[in-house]
Amino acid sequence: MINKIANSVAEALSGVPDGATVMVGGFGTAGIPNELIDGLIEQGARDLTLVNNNAGNGEAGLAALLRAGRVRKVICSFPRQADSHVFDSLYRSGEVELELVPQGNLAERIRAAGAGIGAFFCPTAYGTELSRGKETREINGRHYVLEYPIHADLALIKAERGDRWGNLTYRKAARNFGPVMAMAARKTVASVHEIVELGALDPEHIVTPGIFVKQVVRVERKATQAGGVRP
C-alpha cells in the first residue's frame with residue numbers, strides 16, 4: 001500500500017546530506033514551508049545551496065536557516081528587501097555566495113529541470129552583467145542567452161491538502177513555485193494543512209500529482225505574516 005504520510009517533520013527530513021541543493025517554495029511570505037525549514041535546521045545538514053525566490057524575511061524561516069550557518073550559496077531572484085538583514089549581513093561579510101537569477105528565468109530553469117530539458121535560450125538578461133560568460137545567440141533577429149536547468153536534491157513546499165499517495169492542491173498565492181520545484185527535485189517533502197482520503201481530491205483540481213512527492217506531513221495552520229517593515 002502506497003502511504004507517503006510521514007509521522008513527523010523529523011521523519012520526513014531524515015537523511016538530508018551535507019552539501020545538498022534545497023529548493024524552498026514561497027513568494028514573499030506566501031507559501032513558505034516554515035515548519036519544514038525549522039525541521040531542516042534541527043536535522044543539521046550543512047553547506048547547503050538554497051534555491052528560493054528571495055533570501056529570507058526577518059528572523060524566521062529562510063533567515064533562520066541562514067543565521068544558523070547552514071547555507072553556502074543562495075540562488076534567487078530577489079535577495080534584497082526591507083527585512084532581509086540576515087542575508088545582507090552574511091553576503092557582505094563573504095559568508096554566503098549569491099547567484100542572482102531574473103525571476104522568470106528562475107522559474108523556467110526550475111521547470112526545465114522537471115521537464116527534462118537540457119538547456120534553453122531566453123532573452124532576459126541579454127546585454128547585462130547577468131549574461132557575462134554565457135553563450136548567446138541571435139534567433140530571428142532577437143538576442144538570447146543560454147540558460148541551464150536547476151536541479152535539486154530536496155524540495156520543501158507548502159500545499160493546502162494532500163492524500164496518502166502524495167497528490168496535492170494549493171491555496172491561492174501559496175501555490176507559487178511549489179509545483180515546478182516538486183518536479184525538479186530528487187525528493188520532495190510537502191507540508192499540508194489537511195490530509196484527506198483517497199478520492200476526496202477532484203482529479204481535475206490536483207496540481208501536483210503524487211508521483212513527484214516523496215513525503216507528506218501535516219502541520220497546523222498559522223496566519224501568514226506580511227513581510228517588510230511594520231509601523
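Hydrogens, waters and symmetry mates are skipped; everything else that's a heavy atom, side chains included, is used.
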Hey, could you give me each pair passing salt bridge (Lys or Arg N to Asp or Glu O under 4.0 Å) that has a residue in residues 192-216? Not counting sequence neighbours.
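Listed by first then second residue: R161-E194.
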Salt-bridged, [X] to [Y], with N to O below 4.0 Å?
{"X": "E95", "Y": "K73", "answer": "no"}
{"X": "R46", "Y": "D18", "answer": "no"}
{"X": "E220", "Y": "R218", "answer": "yes"}

Would a distance-only check, ignoring hydrogens and angles, find a side-chain to backbone donor-acceptor pair under 3.5 Å from [X] to [Y]?
{"X": "N105", "Y": "P102", "result": "no"}
{"X": "R67", "Y": "E59", "result": "yes"}
{"X": "D163", "Y": "G166", "result": "yes"}
{"X": "K4", "Y": "G210", "result": "yes"}
{"X": "R221", "Y": "H193", "result": "no"}

Taking atom [atom1] of [X] and atom [atom2] of [Y], what is their separation to the nearest 0.5 Å?
{"X": "N54", "Y": "L62", "atom1": "CG", "atom2": "CG", "answer": "6.5 Å"}
{"X": "L98", "Y": "C76", "atom1": "CG", "atom2": "SG", "answer": "5.5 Å"}
{"X": "I150", "Y": "M181", "atom1": "CD1", "atom2": "CE", "answer": "8.5 Å"}

Do V213 and V219 share a hydrophobic cluster (ILVMFWY, side-chain heavy atoms under 4.5 Å, transitive)?
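No, separate clusters.
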Same apolar cluster: V189 and V216, side chain cutoff 4.5 Å
no
Give every residue pair that meets the ring pair (Phe, Tyr, Trp, His ring centres under 6.0 Å) criterion with at least one member in residues 58-112, sequence neighbours excluded.
F87-Y91
Check whether more than 12 heavy atoms from other residues, nucleotides or ligands sit under 6.0 Å from atom [atom1] of [X], and answer yes or no.
{"X": "F120", "atom1": "CZ", "result": "yes"}
{"X": "I139", "atom1": "CD1", "result": "yes"}
{"X": "R70", "atom1": "CZ", "result": "yes"}

Quiz question: by atom type and distance under 3.5 Å, do the side chains of T29 and N57 form a donor-acceptor pair?
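Result is no, nothing qualifies.
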Non-hydrogen side-chain atoms of T208 and N167 separated by less than 4.5 Å:
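Answer no - side chains too far apart.
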